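Just follow the structure's listing: the first ligand is 1, and inside any ligand the first atom is 1. Nothing here was measured: the structure is a model prediction, and the numbers come from that model. Residue numbers start at 1 and run along the sequence shown.
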Amino acid sequence: MSTTPDIAIIGGSGFYQLHSEPTVSSADKSRVQEIATPYADESIRLTQDELNEHGVYFIPRHGRGHEIPPHKINYRANIWALRQAGVNKILAVNAVGGIHPDMQAGSLVIPDQLIDYTWGREHSFFDGLDSLHDHVDFTFPYDAELRESLIQSASTVNLSVFPQACFGCTQGPRLETAAEIRKLKQDGCDVVGMTGMPEAVLARELGIAYAAITLVVNPGAGLSDEIITIEKIKNVLSAGLQDVRVLLAEAIKLLV
Ligand code: HPA
């Protein structure tokens, strides 16, 4: 295993460890690193692990037991720690609601755009130093090369993915109202989630290429007669995350 991987995977809801069932040999190879950052009293725990025989870092953004809700995640500390560890590429995984009628539960979507509806989150590393460098270009929030690797890898392993979508990032932790979903749809959002931002822009500020695999786990509020329940979401997650793991394992081959 390479001693310093330059790729990290950020796991979302339901994705708390890199391998669904770590084998003895994968457990042997995984190593925890604690990285101190200026953004948190406690250090950030990164697991250095192996995927398809390539070294990667893994970080579950909600913690190992989903103890950190979307608005309380220390996005700055996570991204800073990854940069300190030498990461220059991040593949992020997010559970989302589907808004586009084709993006039903179980769909994998690789967004190419986003709209940020979050508020009150620490959303920049540039805190007060008045420099023109603070204004990073964010026209295309996701890295084109990483997105292309994901799309190509999906085709190699026969997984269907939506290769373009606009990710509307809401504050949470509650789900949206039906009217909010109608508004997001009018705004052009195809999927809605709570953890896409400020993660994506913080990576950009530190020069880390970033792309996301979003897994649709429920229809957006009001788009179906069914009530969204955690039980239903968990069922979709357990099947969908297997697909996500297959996709990541293939993509890693193109990225190292
Ligand atoms: N809305 C926002 N975030 C989500 C949803 C949703 O419907 N499903 C999973 N994450």
So that I can tick it off, tell me whether D127 and R76 are bridged by a salt bridge, with the cut-off set at under 4.0 angstrom between side-chain N and carboxylate O. yes
Are R147 and D143 ion-paired here, with the side-chain N under 4.0 Å from a carboxylate O? no
Can T37 and Q84 be counted as having a side-chain donor-acceptor contact under 3.5 angstrom? no
Non-neighbouring partners of K253 that pass salt bridge (charged side-chain N to carboxylate O under 4.0 Å, His left out), sequence neighbours left out: E250
Output all residues satisfying side chain to side chain donor-acceptor pair (under 3.5 Å) with T139, sequence neighbours left out; order by chain, then residue number. D137
Mind jotting down which residue pairs meet the ring pair (Phe, Tyr, Trp, His ring centres under 6.0 Å) criterion with at least one end in residues 192-242? Sequence neighbours excluded, please. none
Heavy-atom cut-off of under 4.0 Å around ligand 1: list whichever protein residues fall inside it, by chain and number. A95, V96, G97, L175, E176, V192, G193, M194, V217, N218
